[in-house]
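Computed from heavy atoms alone, side chains included, the values below leave out hydrogens, waters and symmetry copies. Just so it is clear: chains get the letters A, B, ... in the order the sequence lines come, proteins before strands, and each one is counted from 1.
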Amino acid sequence: MPSAALLEIASRGEPVAGGHRLCSGCGAGVIIRQMLTATDYPTVVSNATGCVEVCTSVYPFTAWNVPWIHNGFENAAATITGAEAAYRAMERRGDVPKRKNKKPMKFIALGGDGGTYDIGLQSLSGALERGHDFVYICYDNGAYMNTGIQRSSASPFGANTTTSPAGVVIQGKQEERKNLTAIAAAHDIPFVATASPGYYMDFTRKVKKALDVNGPAFLNVFAVCPLGWRSEPEDSQILARSSVETCVWPLYEIEDGRFRLTFRPNVKRPVTEYMQLQGRFSHLFKTGNEDMLTHIQERVDAEWEQLLKRDRREREENSE
Amino acid sequence: MNRETQVLKTDAVTVEAEAAEAPPQPQRQLLALTGNEAVAEAIRQIDPHVCAAYPITPTTQIMQEVAQFIADGRMRAELVPCESEHSAMSACVGAGAAGARVMTATSANGLALMWEVLYIASGMRLPIVMAVGNRALSGPLNIHCDHSDSMGARDSGWIQFYAESVQEAYDNILQAVRIGEHPDVLLPVMCCMDGFLTTHTSENAEILDDAEVRDFLGKYRARYSLLDVDNPVTFGATDLPNAYTEHKYQQVEAMKKADAVIRAVCVEFGAKFGREHGMLEAYCMEDADTAIVVLSSTAGSVADMVDTLRAEGRKVGLLRPRVFRPFPAADVRAALQDLTAVTVLDRSHSFGADGGPLFTEVRTALFDAPHRPRVLGRVYGLGGRAITGGEIRALYDEMETDTAPTFRFVGVRE
Ligand SMILES: Cc1ncc(C[n+]2csc(CCOP(=O)(O)OP(=O)(O)O)c2C)c(N)n1
């Protein structure tokens, strides 16, 4: 199965052309390619302000071989709902331009964690609640990278960012991450999932499912940022897998309210393995900060335990 | 607005529509409607693809009526009832980029919350039509009429109409669609009417036949559409300094062209439906020595005082710009340059500036005139405060003295 799917994906052409200005090793660059090759639906993309938007659309060039719109920073979701409503209204009146691909059109909104967890949360929530048929994909690189690595509510505890710096008395970000995936799920929409481009078959399967369901879907996707994390570009795919294997970024989906882990590591690796590859955590490995490392590991363990429990419980309930 | 007014024509006007054949027996209706009801009726007749909106006094009623029209099967539009005005305008942009005909309505804080996206809508050259019920901006919170909301947005790249009456509010909306969508223009249009004074006041208005409206508007075919997947287009690219100025300059050119298109559409509308509104409306201006320049519904009260003063033998007049963006500077200059004094009434202020926004426009327009009248600026009516007949009379009296200050507030307790 996987090989056939891969073959199909490889034959789909490049929806995002090379030559854009994203950094080497940028996770988001991988995500947008995987997201658009996951299906062959005719797809419209609405992109929030941020690295992906800026790096792929510098006039007179564009990397996008699909219809694409950038409106503002906080309104990628609202923007796509306008396009989706227009599609429905225009389809009814026969006003949609003719196309070769007769499959129904699909709508994707794309934003970084800043544009999604923070400034775009209201727009996202409204769009999910209104039930538009679209998929929101958040590439979560854990900070406002485009403006120079400022903290967001997705930045992990302890991370050194330019607005939560590691200093003499404060050791990086003091707050935990916001659980945006849970917030999206609380909208009771048909499909919510986490994903990582390190597990690309899982990711592309989720993109396909998200596009196929009728109504809104939300995907929270782990995105490595070598510049902001001070990691090596060649470590990006390693990090995209190690985040999952350490359970820092568990892979799960919630389909019609039913929770399911989509990946369980055989061996759960220690978080330090993941953190050591990133300069944004280097201060935590200094003497005196052992408590913070312990705290991070305990938090990851506790969250993973909860997810395991939930997965087990729902499996039992659904197998009855 | 039953007074005999004079529509100022210029050479730019072409009367191509006069030859058009009259539709068979149009069912026009004279109805008592509020501004909101008339605008909602216009939206029903236009039946855009998408309306995206958020409630705010005094324009909430417009989208309520649209929702009811849709619920009753009298419209086919998709209503996107957003969670904020920021999202409403954002959805309008998404729908507009998809190639849809798009409409919305708002006021005051709602317009302020849209601010960022107003510029994006015009920069993307999307002919969105928005009804604005003019209301004071917070703070302090005040739901009543002044023009601080739309005047604050005067540089956002939107065409701006200011309606005096319910009839004009209705007519403006219909014309706005044609004007914004014109290939030479492709700009969003804001159709302002006074909050409560027009949005909530019943007046007689003639409502056209649905078929007439359809024929007048025709079908909208966007040159570029997000839904044209076989010809994918990038909307909202990033500009570096090498391109941004040129893109802004194209908007300048579009605004210039909008001037001629507005005139042509007004003439066509007049020929077809018997009501011709120009860029500005002049009342008793032919031999006037002094005049008041004012926007929107206050023109009615000023015209009343003009009648009174004319009966007393005084040569006074009234000039009401109907279009503020693009500003009809040449017409204003031609109408005012031979007067001795002009008072410009502003229903909003530009804090720290030499006067209100209309005042500075009018004064600038007159600077190049061979003969310039004295131009006085008066701010009135903030947050819904009424201007009285006595106050208007005093404004005319004042123009006949040498001691009137260039700028002052009307009726302020200092
Ligand atoms: C309303 C508004 N506020 C602030 C900004 C400045 N800004 C542009 S991109 C950005 C950060 C984007 O961060 P994120 O969404 O995480 O995406 P990334 O840059 O990491 O790809 C900020 C703060 C803006 N463009 N608009």
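More than 12 heavy-atom neighbours from other residues, nucleotides or ligands sit within 6.0 angstrom of CG on B:L79. No more than 12 heavy atoms of other residues, nucleotides or ligands sit less than 6.0 Å from atom OH of B:Y224. The neighbour count for B:D72 CG, taken as heavy atoms of other residues, nucleotides or ligands under 6.0 Å away, is above 12. A:R88 CZ: more than 12 foreign heavy atoms inside a 6.0 Å radius.
Between the CD atom of A:E129 and the CD atom of B:E83 there is a distance of 9.0 Å, given to the nearest 0.5 Å. Atom CD of residue B:E116 and atom CG of residue A:N71 lie 7.5 Å apart, to the nearest 0.5 angstrom. Between the CH2 atom in A:W68 and the OG1 atom in B:T234 there is a gap of 6.0 Å [rounded to 0.5 Å]. Taken to the nearest 0.5 Å, the CG atom of B:N242 stands 9.0 Å off from the OH atom of A:Y59. Rounding to the nearest 0.5 Å places CE of A:M90 at 5.0 Å from OG of B:S225. B:L227 contributes atom CG, which lies 10.5 Å from atom CD of A:E84 (distance to the nearest 0.5 angstrom).
Using a 4.5 Å cut-off between heavy atoms, B:H86 touches chain A through its side chain atoms alone. The part of A:V66 that comes within reach of chain B is its backbone (N, CA, C, O), which places non-hydrogen atoms under 4.5 angstrom from that chain. Residue contact with chain A, scored on non-hydrogen atoms closer than 4.5 Å, involves the backbone of B:V233 exclusively. For chain A, the nearby parts of B:P81 are the backbone and the side chain; heavy atoms of each come within less than 4.5 Å. For a residue to count as touching a neighbouring chain, one of its non-hydrogen atoms must lie under 4.5 Å from one of that chain's; by this rule B:I120 touches chain A with the side chain only. Of the two parts of A:F61, neither the backbone nor the side chain holds a non-hydrogen atom closer than 4.5 Å to a non-hydrogen atom of chain B. There is no contact between B:R101 and chain A, counting heavy-atom distances below 4.5 Å. Looking at A:R99, the atoms closer than 4.5 Å to chain B (heavy atoms on both sides) sit in the backbone and in the side chain alike. Contact annotation for A:N65: only backbone heavy atoms (N, CA, C, O) come within less than 4.5 Å of a heavy atom of chain B. Interface residue A:M105: only side-chain heavy atoms are found under 4.5 Å from chain B.
When all heavy atoms of A:I69 and B:G94 are compared, the pair lying nearest together is CD1-CA, 4.4 Å. Nearest heavy atoms, A:A85 versus B:E78: O-CG, 3.4 Å.
Near-neighbour residues of residues 112-126 of chain A relative to chain B, defined by a heavy atom under 4.5 Å from a heavy atom of that chain, comprise A:Q122, A:S123, A:G126.
Between the side chains of A:T79 and B:S90, no donor-acceptor pair of N or O atoms lies under 3.5 Å.
Panel note: side chain B:D230, backbone A:K100; a donor-acceptor pair is recorded below 3.5 Å. Of the possible polar contacts, one joining the A:R92 side chain to the B:R76 backbone as a donor-acceptor pair under 3.5 Å is found. Judged by distance alone, with hydrogens and angles left aside, the side-chain atoms of A:H70 form no donor-acceptor pair with the main-chain N or O of B:A237 at under 3.5 Å.
Here A:D95 is the residue among A:D95, A:V45, A:V44, A:T62 with the most heavy-atom pairs under 4.5 Å with chain B. Among the candidates A:V58, A:T49, A:I80, A:T81, the residue making the largest number of heavy-atom pairs closer than 4.5 Å to chain B is A:V58. Counting heavy-atom pairs closer than 4.5 Å to chain A, the top residue among B:A52, B:S84, B:A97 is B:S84.
At least one side-chain heavy atom of B:C82 sits under 4.5 Å from a side-chain heavy atom of A:R130. A 4.5 Å side-chain heavy-atom check between B:V229 and A:N101 finds every atom pair outside the cut-off.
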| task | Step by step, work out the salt bridge (charged side-chain N to carboxylate O under 4.0 Å, His left out) result for B:D47 and A:R93. | result | CA-CA 11 Å; B:D47 201 5; A:R93 304 183 197 187; 3.5 Å; yes
| field | Criterion side chain to side chain contact (heavy atoms under 4.5 Å, CB included) on B:D228 and A:K98, from CA distance to verdict | value | CA-CA 7 Å; B:D228 189 1; A:K98 300 223 171 336; over 6 Å; no
